[in-house]
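Quick note on labels: first sequence line is chain A, next is B, and so on, each numbered from 1.
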There are 2 protein chains.
Amino acid sequence: MVKRENSKVTIYDVAREAGVSKTSVSRYLGGRYDELSDKTRKKIELAINKMEYRPSTMARGLKSNKSYLIGIIVADINNPYTTAILRGAEDICSQNGYNLMICNSDNNPVKERGYFEMLLSHRIDGLIIHTTGGNHDMLKQMQDQKTPIILLDRKVPDLEIDTVGLDNFQATSQAVNYLVNQNYERIAFFSEPASKVSTRYERRLSFQQTLLSHGHPSSKDVYEVNVDDLNDVDSKLQHFLDDSEGKARVILTANSVVLLKLILLLQEKKLSVPKDLAMIGFDNPEWSTIVYSGITTIEQPTYQIGVAAMEMILRRIDGNESPAQTMAYQAKLNIRQTTPYIQK
Amino acid sequence: MVKRENSKVTIYDVAREAGVSKTSVSRYLGGRYDELSDKTRKKIELAINKMEYRPSTMARGLKSNKSYLIGIIVADINNPYTTAILRGAEDICSQNGYNLMICNSDNNPVKERGYFEMLLSHRIDGLIIHTTGGNHDMLKQMQDQKTPIILLDRKVPDLEIDTVGLDNFQATSQAVNYLVNQNYERIAFFSEPASKVSTRYERRLSFQQTLLSHGHPSSKDVYEVNVDDLNDVDSKLQHFLDDSEGKARVILTANSVVLLKLILLLQEKKLSVPKDLAMIGFDNPEWSTIVYSGITTIEQPTYQIGVAAMEMILRRIDGNESPAQTMAYQAKLNIRQTTPYIQK
DNA sequence: GCGAATTTTGGTACCGGTTCCATTTTTATA
DNA sequence: TATAAAAATGGAACCGGTACCAAAATTCGC
């Protein structure tokens, strides 16, 4: 471990160069120009530019008890949903002088816990989290420390926390109503296991309720699949295919990851969409426009959700103490080629 | 701006609770147990657990001049290439007690510059950058401050910096050789504007050189398109289509973004792939397996590249001062359905 | 031109850790 | 048991900023 020479300029160096005290430099940095004579201000400005000085966020944060860091833990950075959210969040974040620490839990509560610890150590000013649902105690701990938290997409029980996400009931029932009107006789819902993920649970529940309200027979056609095990997905898919043989049928997927796996399997089985089976999916990945000449999707305003989450946490950091609120965005149904109208 | 009560536990609180000095607690935190009696160690351990104490990375870094932060500036977080790299980098990063600050420049030098400033302020211990090529001076400045830098994928001229990426010459010539052997008469290369991006330039150059070495007539079939302007892409595509009418032809795209746009246009034009036109593309997005029953791709070991970049920067942070080196990974050609053999 | 009010400036403590060094306590040796 | 060596411990300075308060310099009114 070689000792690395430290060539970084400090506030003291600048003060010396400008021939003033470091208090004055600090005033300059804080933009408190009314406490500075023009002459002093110019001298400092010159010194800073000459020395390419940049104040250390660490040192600054120590005294002021702020890190200017906002943490975001996402469940799956490979998911286009996630990256769209990140863009929205980041734009607002840097516009306001904060910086984003992005963490990817991979839907793994153990990894998530590690990031919690880490972000706590960094004394982040706020946390946005797309939670696995497995670290309830950590959320509580962070809340006890008065660090604002925003839940993204997935709710947690028992804690009063702001939530930003999709209106899953509206989104799902809109889609199901559409499918019923298109005269599908069998409508299946394929999702990853709901376990502790509220979104999946809400979508499934709404799926069943909407079908029941129509007196439709499919409210039992619900499948939970493990997307990391293609055999599992295959057997569930085959079950539905056998069970609905000869009927006008459609699969609704709870996210684009499930959609992708199902399409992969359908192609292996040489089944054609929408002839043998219709498809519709939550999320609107870029490829949904080019597969099967366009897949019908339920699109979330992802960028806007990221923006809203960040705006909300900034308000909290700024001292807003109103009761926890929930923002539910409306989905947009993109009707494309994979859900044609069925003649009775 | 409401004053937020600070309920965070400090080293002093722990020391008081344990009835020892904060020096001893610091020894405990640093794992220097041989300087501590068993009794003291136990008392501290107890106090830390009881109070849920977490040392502040900021405070720690101030004295030790380390932030335990590694910055990574990526050009496009929506690109699957990017997220795969991020996963590799992150895994190694957190295994080594460092944390990653992910920044998305959106291929915009102005945004990139802002992130440079920010990361410099945070006193990051190292930087991995997929650069737009527009902030040469900032790279220089960071280098002057002895902050290790690794270039990802894209090189910059005149600076001695470690580089990790694909062997673009091997990758491109492998693909071109394959296409020539498949008997394509016209082979077009579609890329975003090379400008300051070395990767694009190298792929184009290698494309032309390989064709010339075969005496193939297509070395002029090079198109630069602006992917944010679909009309531009359309006109270039149409030009190639008209120009190669009736010939066995194929398009090689320099990345998956270009590939996606072209497919979109081909579907609008009702052209079928590979019958009317064959396709092959750099990168291997998840959807490449399901479009046209599988698109032939040139796959990079993305995860491995992310791992290698992070490992290299950790070595640099650790004091390795050997001359700047370049790591070029081999690509893998995934032969699928969109590049059939052409009978002469 | 002088005292008071105002503006400008700098000294110093502090934030939460680490590190150096001196002091105290324990252990080993004679 | 006394003494030296080793182990354990704590006090204080320091890292690079900010903030409070007192001192110095300037401006103002008469």
Side-chain angles (χ1 to χ4, degrees), chain A residues 1 3-44 47-48 51 53-69 120-125 145, chain B residues 1 3-44 47-48 51-68 120-125 145:
Chain A
M1 175 82 191
K3 177 92 198 271
R4 181 175 301 283
E5 114 196 50
N6 177 18
S7 46
K8 276 140 198 162
V9 181
T10 74
I11 196 172
Y12 187 72
D13 298 326
V14 173
R16 203 161 19 130
E17 171 77 22
V20 301
S21 72
K22 60 180 197 157
T23 306
S24 292
V25 180
S26 176
R27 287 189 179 102
Y28 178 89
L29 296 175
R32 309 202 307 276
Y33 300 133
D34 54 329
E35 300 177 21
L36 249 31
S37 70
D38 281 8
K39 212 175 60 184
T40 307
R41 182 162 53 75
K42 293 237 173 67
K43 279 194 292 185
I44 295 173
I48 286 181
M51 307 182 84
Y53 169 68
R54 271 182 201 78
S56 154
T57 314
M58 276 193 288
R60 197 195 283 247
L62 196 52
K63 174 78 179 178
S64 64
N65 204 36
K66 287 207 52 169
S67 60
Y68 299 95
L69 246 29
L120 242 10
S121 280
H122 277 285
R123 301 290 189 268
I124 50 166
D125 294 335
Q145 297 194 5
Chain B
M1 176 82 189
K3 176 90 202 273
R4 181 173 302 283
E5 112 196 53
N6 178 18
S7 46
K8 276 139 197 163
V9 180
T10 74
I11 197 172
Y12 187 73
D13 299 325
V14 173
R16 201 160 22 130
E17 170 77 23
V20 301
S21 73
K22 60 181 198 156
T23 306
S24 292
V25 180
S26 176
R27 289 191 177 100
Y28 178 88
L29 296 176
R32 311 204 304 278
Y33 301 133
D34 55 328
E35 301 178 20
L36 250 30
S37 69
D38 281 8
K39 211 175 60 183
T40 305
R41 183 163 53 75
K42 292 237 172 66
K43 279 194 292 185
I44 295 173
I48 286 180
M51 308 182 83
E52 292 176 337
Y53 169 68
R54 270 180 200 79
S56 154
T57 315
M58 276 194 288
R60 196 194 281 246
L62 196 52
K63 173 80 179 175
S64 64
N65 202 36
K66 288 208 52 171
S67 59
Y68 299 96
L120 242 10
S121 279
H122 276 287
R123 301 289 189 268
I124 51 167
D125 293 337
Q145 298 194 5

**Nucleotide nearest Ser21(A) when distance is taken to its side chain, options dT18(C), dG10(C), dT18(D)** = dG10(C)
**Asked** Taking the side chain of Arg60(B) as heavy atoms from C-beta outward, which of dT18(D), dC15(D), dG17(C) is closest to it?
**Response** dG17(C)
**Atom-pair distance (NZ on Lys22(A); P on dT8(C)), nearest Å** = 23 Å
**Asked** Tell me: OH of Tyr12(B) to C1' of dG16(C), nearest whole Å?
**Response** 13 Å
**Between OG on residue Ser67(B) and CG on residue Asp125(B), distance to nearest 0.5 Å** = 3.5 Å
**Request:** Verify the contact: side-chain N or O of Thr23(B) to OP1 or OP2 of dG10(D), cut-off strictly under 4.0 Å; return yes or no.
**Result:** no
**Prompt:** With nearest nucleotides of DNA chain D determined for Tyr33(B) and Arg123(B) from heavy-atom distances, which residue corresponds to the more 5′ nucleotide?
**Reply:** Tyr33(B)
**Request:** Ignoring backbone atoms, test whether Tyr53(A) places a side-chain nitrogen or oxygen under 4.0 Å from the OP1 or OP2 oxygen of dG17(D).
**Result:** yes
**Short side-chain N/O contact to dT9(D) OP1/OP2 from Thr40(B), under 4.0 Å** = yes
**Asked** Between dT19(C) and Arg32(B), is there an OP1 or OP2 to side-chain N/O distance shorter than 4.0 Å?
**Response** yes
**Message:** Under 4.0 Å from OP1 or OP2 of dT18(D): is there any side-chain N or O of Ser26(A) that close?
**Reply:** yes
**Request:** Measure from the side chain of Ala59(A), starting at C-beta and using heavy atoms only, and say which of dG11(C), dT18(C), dG16(D) lies closest.
**Result:** dG16(D)
**Message:** Please confirm whether the shortest side-chain N or O distance from Ser37(B) to OP1 or OP2 of dT9(D) is below 4.0 Å.
**Reply:** yes
**Message:** OP1 or OP2 of dG10(C) versus the side-chain N and O atoms of Ser24(A): is any pair under 4.0 Å?
**Reply:** yes
**Request:** On DNA chain D, check which nucleotide each of Leu29(A) and Val20(B) is closest to and give me the residue with the more 5' one.
**Result:** Val20(B)
